[in-house]
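Atoms within a ligand are numbered from 1 in the order they appear, just like the ligands themselves. These numbers were taken from a predicted model, which means no experiment stands behind them. Because only heavy atoms are used, hydrogens play no part in the values below, and waters and symmetry mates are left out as well, while side chains stay in.
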Amino acid sequence: MTATDDDTTLSAGRVAPWLEQMMAALRGAGETDVPCGECVACCSSRQFVHVEPDERAALARIPEEVRFPTPGMPAGHVVLGYDEQGRCPMLGDRGCTIYEDRPRACRVYDCRMFVATGVEPDRDQPAIVRQVRRWRFEPETAEDAGVLAALRSVAAVLDDPAAYPGGRVPSRASQRAAIAVGLHELGRGATPIAPAAVRVELTRRSG
Ligand code: SF4
């Protein structure tokens, strides 16, 4: 089944614990735990999956012929491409064929980030768009409401080139949503957030 086959709503859980887990995953201190069911939207949406040189278990299971050098990265960084249907070469009839050893990028990807941040997924990924529409975070506690407000206040400035040190807005919605997650603390109690504040923090973190 793909996301496009099913329109029923899905519980995304509470947003505050979700954010904690997502932050840990982005720091490399864990992974997301997405109740995907049979959905393979993110594995079949024309995504390039970056694999870093230290990901030995994943690399040992990915055939050389489906790896390509990652543009702009040192030797050893590779990406997996996708077929004419947009499917990852490691996707089989029953899901990921290397699930236990899947790349780090797959372990931290969580399409609930679009719901939490309010960033719209890219239109060229309709299966992800459909799946994102199904998620519902559980009724908000005061903590959850604060988390959502913080995430969305930061995400709201991420379409503005002035927010980025190089002046270039990341082309993919998933990048902007991940940035909003990483910078959400800027939004706590101080909305609206100025693009300049986001820019300063992005510069500090990249330094
Ligand atoms: S490696 Fe596995 S989890 Fe990652 S995109 Fe491919 S099929 Fe999906």
- Evaluation steps, side chain to side chain contact (heavy atoms under 4.5 Å, CB included), between V147 and F137: CA-CA 12 Å; V147 162; F137 279 108; over 6 Å; no
Take V78 and L59 through the side chain to side chain contact (heavy atoms under 4.5 Å, CB included) test and state the conclusion after the steps. CA-CA 9 Å; V78 297; L59 290 167; 3.9 Å; yes
*asked:* Walk me through whether R46 and D124 qualify under side chain to side chain contact (heavy atoms under 4.5 Å, CB included).
replied: CA-CA 9 Å; R46 302 181 187 281; D124 64 355; over 6 Å; no
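Residue contacts with ligand 1, taken as heavy atom pairs separated by less than 4.0 Å, do not involve C42 at all.
Scanning all protein heavy atoms for the shortest distance to atom 6 (Fe) of ligand 1 gives C88 SG, 2.4 Å. Protein heavy atom closest to atom 2 (Fe) of ligand 1, with residue, atom name and distance, is C96 SG, 2.3 Å.
Proximity to P103 (heavy-atom distance under 4.0 Å) selects the following atoms of ligand 1: 1 (S).
Residues L186 and A197 share a closest heavy-atom pair of CD1-O, 4.0 Å.
Distances from atom 5 (S) of ligand 1 to the heavy atoms of I98, L91, V49, V40 show the closest one on V49.
C106 lies close to atom 4 (Fe) of ligand 1, since one of its N, O or S atoms is found at a distance under 2.8 Å. When distances to atom 8 (Fe) of ligand 1 are checked against a cut-off of 2.8 Å, C43 contributes an N, O or S atom below that limit.
Atoms NE2 and CG, on H77 and D54 in that order, are 8.0 Å from each other to the nearest 0.5 Å.
Between V169 and Y164 there is a side-chain heavy-atom pair separated by less than 4.5 Å.
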